[in-house]
Amino acid sequence: MRRHAIAFFAVAFLSGCYTVNQERFSAYAASAVSAGMPLAAGTAHLQKDGFHCDPRSSAPATTCTRDRQSLLPYSCVERIDLYPREDKTTIVRVEVPTIMCAGL
């Protein structure tokens with residue numbers, strides 16, 4: 001009985017680990033933001049989901065990033081680039097670069 005309890009807690013603990021899944025992240029990005037939506041609404045939605053958005057005036061895109069930590073000695077950065085019209089009101093293109101990870 002005790003072995004089952006230890007195994008259960010180990011599985012529950014490790015199930016909270018972040019694992020890289022580019023397809024799932026790309027699908028999330030497609031459902032969260034899309035071309036044609038207001039830039040302010042897109043960034044607000046991403047920020048609600050834990051992203052930090054940086055709308056630098058000199059950059060062509062607003063970059064939104066989210067750090068993901070793992071129990072293993074590495075972390076990953078998820079990034080979504082929002083390309084607005086010249087007046088910076090409406091998103092015209094969304095790019096989802098590959099998730100980048102680094103560790104010890």
Is a side-chain N or O of S26 found less than 3.5 angstrom from the main chain of E23, in a donor-acceptor match?
-> no
Under 3.5 Å, is there a donor-acceptor pair between the side chain of E78 and the main chain of T65?
-> no
Kindly write out the residues that satisfy salt bridge (Lys or Arg N to Asp or Glu O under 4.0 Å) with D49, not counting sequence neighbours, or none if the list is empty.
-> none
R93/E95 ion pair, N-O < 4.0 Å | yes
Over all atoms of both residues, closest heavy-atom pair of [X] and [Y]:
| X | Y | result |
| --- | --- | --- |
| L46 | C64 | CD1-SG, 3.7 Å |
| V96 | A29 | CG2-CB, 3.5 Å |
| C76 | I99 | CB-CG2, 3.9 Å |

Does a donor on one side chain and an acceptor on the other come within less than 3.5 Å for D81 and T63?
-> yes
Do R79 and F25 have side-chain heavy atoms sitting under 4.5 Å apart?
-> no
Using the six-membered ring of F51, assess whether NZ or CZ of R68 lies under 6.0 Å from its centre and within 45 degrees of the ring axis.
-> no
Same cluster or not: are M37 and Y83 linked, directly or through other Ile, Leu, Val, Met, Phe, Trp or Tyr residues, by side-chain heavy atoms under 4.5 angstrom apart?
-> no
Show your reasoning for whether side-chain contact (heavy atoms from CB on, under 4.5 Å) applies to L39 and T89.
-> CA-CA 5 Å; L39 180 61; T89 59; over 6 Å; no
